[in-house]
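First up is the structure itself, then whatever we jot down about it.
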Amino acid sequence: MIKALSGFTPILVDGDTEKDVTAKYATNGYPTLVIADASGEEIDRIVGYREPAAYRAEIERIQRGEGTLPAMQKKYAESPQDIDAGIALGARLAGSRPEAAAELFARLAEMAKTKDKTTQGKVCLEHAAALLAAGKRDLAATEAETLVREFPDTPAAAQAATRVGRAFLSVDARRALAFLDTVRGLAKDAKDKMAIEGLAVSVHKNGIAASLKRQAEAAGDDPMALNEVAWNCFEQKVNVREAIAWARKAAEKSDRDPMILDTLANLLWIGGGREEAIKTEEEAAAKTAEDSYKREFEGNVAKWRAEMVAMKAAKAVPATPLVPPTPKPAEDGAK
């Protein structure tokens, strides 16, 4: 591997801090290897993990100039009526310059009108994928709807949920479910069927999250109503940040009722506020008069302490806390 990479100058980029570089090359995950020329123009990229033999084969292909971005651009420039060359170039551009890819596919869609349905469907799918990569979710969803409506019997339509289903997570739930109902009858491959049902779960979960937010608004200052909403959020693992705030409010309005403290503690735990979760659950155990609840709360404390010890021993990286800070008491004279 060292020999294969000897002709390159390696540059390690921290994607979490060097945002200008990650934005320039439109990278959004680890590991991503971008191979660029001396002026910084992208030649090719390898996204995701590869076994050493497969990784070396990709590096050697790029060194030979086969299937690279410049090679695809040259081929399409020489044969602008070659729609397959255009599709290949657009699909590659979508990884680094999605806006340019979307513009290319818009032109290819006009060219494809004289082609067969399979080619038209493929262009439509790649156009939707490029729009999604460019952050234009609503346009991507519209293009996907066109795909399954106008080219339902094509392989591209069967792959719509797998390739661009994420676009429907930000649209109206009824629209998303209508899309899912359509693609369910088109998918043949197990991977595509799994993508459809996975998307359905996410759409329904988004609906549950929205309903729980509306419930919290209706609950107002009622601590028991707020606690019920917060506990449902814990069970569904949605709105965790907001639910912690609702549980805090409920605890204070109820003079720190032990059952509500237990809700808050459980939410704090999954939200990453582990020390506060243990402290809050200890308070709940000390306050409750019910032996069964006391045992349950003390059991949670013991379990969480053991998990903390295990994570420390394994040097596990803690999850990014979702916990909003505890509100500070108002200073004298403050309103």
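Just so it is clear, the values below take in all heavy atoms, side chains as well, and ignore hydrogens, waters and symmetry mates.
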Checklist entry - Nearest heavy-atom pair of Leu267 and Ala247: which atoms, and what distance? => result CD1-CB, 4.0 Å
Next on the checklist: Test of understanding: clusters of I, L, V, M, F, W, Y form through side-chain heavy atoms closer than 4.5 Å, transitively. Do Leu212 and Leu169 belong to the same one?
Outcome noted: no
Next on the checklist: Measuring only between side-chain heavy atoms, which start at C-beta, is Glu252 closer than 4.5 Å to Arg248?
Outcome noted: no
Next on the checklist: Are there over 12 heavy-atom neighbours, none belonging to Lys253, within less than 6.0 Å of that residue's NZ?
Outcome noted: no
Checklist entry - What do you reckon, is NZ of Lys75 surrounded by more than 12 foreign heavy atoms closer than 6.0 Å? => result no
Next on the checklist: Side chains of Thr142 and Arg175: any donor to acceptor distance under 3.5 Å?
Outcome noted: yes
Next on the checklist: Is it the case that atom NZ in Lys279 sees more than 12 heavy atoms from other parts of the structure closer than 6.0 Å?
Outcome noted: no
Item to check | Trp231 and Phe234 aromatic ring geometry - parallel, tilted or perpendicular at 30°/60° bounds | outcome: tilted
Checklist entry - Taking atom CD of Glu66 as the centre, does the number of heavy atoms from other residues, nucleotides or ligands within less than 6.0 Å exceed 12? => result yes
Next on the checklist: Looking at Glu78 and Lys74, is there a salt bridge between them, counting it only when a charged N and a carboxylate O are closer than 4.0 Å?
Outcome noted: yes
Checklist entry - Is it true that atom CZ of Arg174 has more than 12 heavy atoms of other residues, nucleotides or ligands lying nearer than 6.0 Å? => result no
Checklist entry - Closest heavy-atom contact between Arg137 and Ala167? => result O-CB, 3.6 Å
Checklist entry - Is it true that the side chains of Arg214 and Ser211 contain a donor and an acceptor less than 3.5 Å apart? => result yes
Checklist entry - Are Arg163 and Glu126 close enough, and set up right, to give a salt bridge (charged side-chain N to carboxylate O under 4.0 Å, His left out), and what steps lead you there? => result CA-CA 9 Å; Arg163 292 288 306 280; Glu126 295 299 340; 3.0 Å; yes
Next on the checklist: Could you tell me if the side chain of Val240 sits less than 4.5 Å from the side chain of Ile270, heavy atoms only?
Outcome noted: yes
Checklist entry - Just wondering, more than 12 heavy atoms not from Arg97 lying within 6.0 Å of its CZ? => result no
